[in-house]
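Order of the sequence lines sets the chain letters (A, B, ...), proteins ahead of strands, with each chain counted from 1.
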Amino acid sequence: MESQYNPKKVEEQAQQYWQLHKTFQAVEDPLKEKFYCLSMFPYPSGTLHVGHVRNYTIGDVISRYQRMQGKNVLQPIGWDAFGLPAENAAIKHEVPPADWTYQNIAHMSQQFKRLGFGYDWNREITTCKPDYYHWEQWFFIQLYEKGLVYRKNATVNWDPVDQTVLANEQVIDGRGWRSHAKVERREIPQWFLKITAYAEELLQDLDKLSEWPLQVKTMQKNWIGKAEGALIQFKTTAETTENIEIFTTRPDTLFGVTYLALAPEHPVSLKLAEKNVLIANFLSECRNVKVAEAELATIEKRGLDTGLKAINPINQQEIPVWIANYVLMDYGSGAIMAVPAHDHRDFEFANIYHLPIRQVIKPANANSDCHVETSAFTEKGILINSEKFNELTYDEAFKAIVQYLTEKNVGKRQVHWRLRDWGVSRQRYWGAPIPMIYCESCGTVPVPFHELPVVLPEKVAFDGVGSPLKKMSEFYKTTCPKCGQAAERETDTFDTFMESSWYYARFACPNQSEKMFDKRTNYWTPVDQYIGGIEHAILHLLYSRFFHKAMRDLGLVQSDEPFTRLLTQGMVLKDGAKMSKSLGNTVDPQSLVEQYGADTVRLFLMFASPPEQSLEWSDAGVEGAFRFLKRLWQIVVQHVGQSQTELNSSGSPITAIQKEFRRFCHEIIRKVTDDIGRRHIFNTAIAAMMELLNTIQAYHCETKRDHMLVKEALEALLLMLSPITPHITHALWRILGHEDAIINQPWPKVDLEALQRETLDVVVQVNGKVRAQITVAAKIDNKTLEKAALEHENVKRHITGKELQKVIIVPNKLINIVVKENV
RNA sequence: GCCGGGAUGGCGGAACUGGUAGACGCGCCAGACUCAAAAUCUGGUGAUGGUGACAUCGUGAGAGUUCGAUUCUCUCUCCCGGCACCA
């Protein structure tokens with residue numbers, strides 16, 4: 001027996017045991033309740049960072065806890081291996097993206113293993129390998145054949161010097177990161193998935209996700225953004241341009257419209273620019289803004305009066321038509337009716353260009369502030385200055401005005417979604433090839449299933465100027481599957497969100513080479529517990545939900561939603577900023593593991609803050625976790641070494657101290673079970689276990705019964721600690737004398753009888769301030785309790801000479817005596 | 001700008017459903033052990049006043065509801081995440 005805690009040795013031995021016994025190999029067993037626990041798979045960026053360790057420790061703790069509850073647990077791991085950083089590294093180090101990626105995977109796998117996570121490594125997935133993206137390409141074609149895929153123009157950031165498309169991240173202050181040239185918005189044809197076909201279901205089914213954090217559901221709801229509104233036609237005075245159609249959620253403000261505003265990319269804007277140099281110049285200025293909503297929403301509002309006039313269909317008033325840089329082409333029809341009195345953005349714009357502001361809504365109640373001279377009044381209220389619609393409420397006016405417009409055939413009610421279809425084309429090399437062929441005579445033809453996968457060549461020279469695929473005739477030159485004539489492949493690759501939208505289902509059958517999924521997928525899916533960063537609250541989780549529903553409609557999976565329960569971990573920050581390589585504020589978990597061992601690092605990360613909160617990293621405190629484990633080791637070793645002959649045999653009945661010790665021990669089991677099992681809050685569970693160890697340490701062990709009680713407490717402590725620090729508990733369980741490994745033990749049970757107590761400490765307040773604490777019999781009635789409280793010296797001091805108003809009793813906790821000064 | 005979240009001792013955090021603010025840990029202070037140091041152990045530790053019992057103040061700022069507010073409502077400040085090509 002080791003008298004000193006040696007983490008390295010202890011951890012190697014435990015890991016060897018798990019490997020030898022294939023402990024974490026998941027086997028489908030219809031007779032056992034399954035539990036699929038998944039942490040979002042990592043991008044193989046090079047080395048693990050603290051955020052990774054936190055994420056995967058949470059998953060491992062939950063997996064091991066569920067295993068102790070008797071579940072058949074699957075916990076897989078894989079690599080989200082396509083992506084931009086590999087291309088950057090390729091340029092920097094002159095190494096093909098594939099080589100760099102595989103090296104990183106090899107290194108990070110070792111780090112994972114050293115941390116002792118209970119993964120089924122047989123199911124490892126690497127998304128940049130053809131056996132994975134084969135089925136992504138296959139699925140894409142399935143969607144294409146179902147009409148859920150189409151091609152249209154979309155705007156990208158164009159670097160005019162490097163002649164390449166830039167990611168938003170690569171545009172810094174409006175300029176390309178390498179060339180420093182001003183980026184331009186440019187339209188190019190791209191492939192889209194019709195996620196909007198599922199908008200309604202994606203919105204409705206949020207209600208089914210009872211075990212998702214409310215904040216994530218709210219964000220998704222707002223992102224999908226179902227808006228009831230109206231589509232309204234405005235005739236223009238020029239005969240050459242067609243009508244301008246706008247979408248609004250506020251048809252009740254139609255009388256307040258003082259101008260129309262078009263997006264710079266609006267067809268009418270483009271048409272006007274053809275004949276007008278000023279407009280053309282303005283449009284080209286608007287092009288120097290990167291493709292990001294945050295960018296458009298924060299730039300200085302600028303506009304140009306086109307000279308064109310439009311007619312308000314409700315009152316035939318003539319209003320000017322402007323082009324404005326704050327109008328989004330992607331939302332609604334790319335044109336808006338501007339109501340400066342009742343919209344913040346229109347108000348700001350109208351003030352800059354001295355456009356009229358006409359109030360048509362007044363507050364419904366007197367409490368609201370409404371001063372349209374100084375700011376827009378955006379609340380829903382009562383109509384004024386709106387002719388026959390005056391005095392109507394929002395709901396009445398909405399109905400009446402839309403009905404009027406419908407009758408005149410110039411408008412109609414319309415449901416509008418903020419959600420846009422998902423553009424999946426990327427003009428990059430390091431991604432899954434889009435399996436499409438362009439034939440001059442047959443048009444666009446999908447690659448036949450038997451020719452899949454379209455394999456991405458890995459041995460490439462990568463210079464960063466455009467995709468190497470566009471220069472590789474051996475890749476893009478092919479023949480048309482329909483007519484057999486020479487044709488060309490699509491050289492764009494998929495958005496990497498494609499790979500991460502279905503990997504969770506593939507983990508059930510990663511070695512299935514004949515089809516995307518098999519019956520094992522139905523056994524394991526949906527994921528019971530999904531864990532990942534809060535930064536994925538919208539995009540990744542929404543895309544996965546969409547894929548799951550689309551897969552269901554193709555008969556590939558059986559459930560409606562991919563992830564039953566979701567835990568969104570907070571960011572790991574250092575010095576108040578997100579830890580990232582670019583900021584140079586990363587902490588290397590590897591050196592901590594070498595210094596203290598994996599258990600200490602795992603324990604510290606789980607103890608430092610609750611999982612959903614952001615974690616401010618500090619080096620201090622790791623030492624404290626290590627001290628706790630050293631102390632645990634010492635106490636177990638001492639307990640085992642305690643000679644039985646030194647102990648008095650205890651024929652006497654159980655003492656009050658022994659009873660209280662056991663009560664405390666079971667109270668802790670109850671709390672830790674609740675914290676880990678229900679609340680998923682590990683820091684408080686660990687705090688409780690630290691209290692238990694403190695209590696065990698302070699307990700004087702004199703009799704054989706004492707020894708038994710301490711043993712019971714230590715065993716419970718090791719079992720409860722084992723999901724968090726699996727290695728040290730593996731060793732100490734053996735030291736306590738157990739033959740079977742702790743990994744096979746069930747979770748400890750609370751003895752409800754042990755929890756019973758005879759006395760209670762009750763707080764006594766006078767007018768809400770704590771004045772005393774009294775110890776009373778647990779079964780005390782309210783009258784006796786009140787009497788005891790009133791008799792306490794300090795309470796008396798605060799109530800004598802005052803009039804007793806009432807007494808409030810919170811059972812088993814608190815009594816508040818409310819008194820009033822006698823006047 | 002819009003959507004979502006956060007702010008509690010010197011620091012990380014606790015207080016779960018409106019009921020003792022500061023559990024647990026770090027740090028710090030004192031003591032024990034030691035020739036000495038490290039390690040370890042014991043005690044103390046929100047602020048102010050008081051020998052003490054105790055009292056007053058105190059959860060980003062300001063208001064409100066309540067017998068009672070870190071918790072609920074309103075207004076504001078600062079910080080973090082997302083905004084569709086970072087993953």
For nucleotides 51-57 of chain B, print each protein N/O atom paired with a nucleotide N/O atom at under 3.5 Å, atom names and distance only.
| residue | atom | partner | partner atom | Å |
| --- | --- | --- | --- | --- |
| B/rC54 | O3' | A/R797 | NH2 | 3.3 |
| B/rC54 | O2' | A/R797 | NH2 | 3.4 |
| B/rA55 | OP1 | A/R771 | NH1 | 2.9 |
| B/rA55 | OP1 | A/N794 | ND2 | 3.4 |
| B/rA55 | OP1 | A/H798 | NE2 | 3.3 |
| B/rU56 | OP1 | A/R771 | NH2 | 3.4 |
| B/rU56 | OP2 | A/R771 | NH1 | 3.1 |
| B/rC57 | OP2 | A/K769 | NZ | 2.8 |

Identify each atom pair where a protein N or O and an N or O of nucleotides 43-50 of chain B are less than 3.5 Å apart, giving names and distance.
none

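Taking the centre of each ring, A/Y133 and A/F82 come in below the 6.0 Å mark.
A cation-pi contact, defined as under 6.0 Å to the ring centre and within 45° of the axis, is absent between A/K630 and A/Y5. For the pair A/R418 and A/W223, the distance from NZ or CZ to the six-membered ring centre is under 6.0 Å and the angle to the ring normal is within 45 degrees.
Taking a pair as Watson-Crick or G-U with both hydrogen-bonding distances under 3.5 Å, the stems of three or more pairs touching RNA chain B are B:1-7 with B:77-83, B:10-12 with B:24-26, B:27-32 with B:40-45, B:46-49 with B:54-57, B:60-64 with B:72-76.
Crowding of A/R631 atom CZ: a count of heavy atoms from other residues, nucleotides or ligands under 6.0 Å exceeding 12.
For B/rA39, neither phosphate oxygen OP1 nor OP2 lies less than 4.0 angstrom from any side-chain nitrogen or oxygen of A/K630. One finds a side-chain N or O of A/R679 lying less than 4.0 angstrom from the OP1 or OP2 phosphate oxygen of B/rA15. Contact between the side-chain N/O atoms of A/R345 and the OP1/OP2 oxygens of B/rC2 is not found at any separation under 4.0 Å. For B/rA87, one of the phosphate oxygens OP1 or OP2 lies less than 4.0 angstrom from a side-chain nitrogen or oxygen of A/T496. In this structure, A/N222 reaches the B/rG4 phosphate: one of its side-chain N or O atoms is under 4.0 Å from OP1 or OP2.
Of the N and O atoms on the side chains of A/W502 and A/Y132, at least one donor lies less than 3.5 Å from an acceptor on the other residue. For the residue pair A/T155 / A/E265, no side-chain donor-acceptor distance below 3.5 Å is found, with atom types taken as modelled.
Applying the 3.5 Å distance criterion, the base of B/rC67 shares no donor-acceptor pair with the side chain of A/N767.
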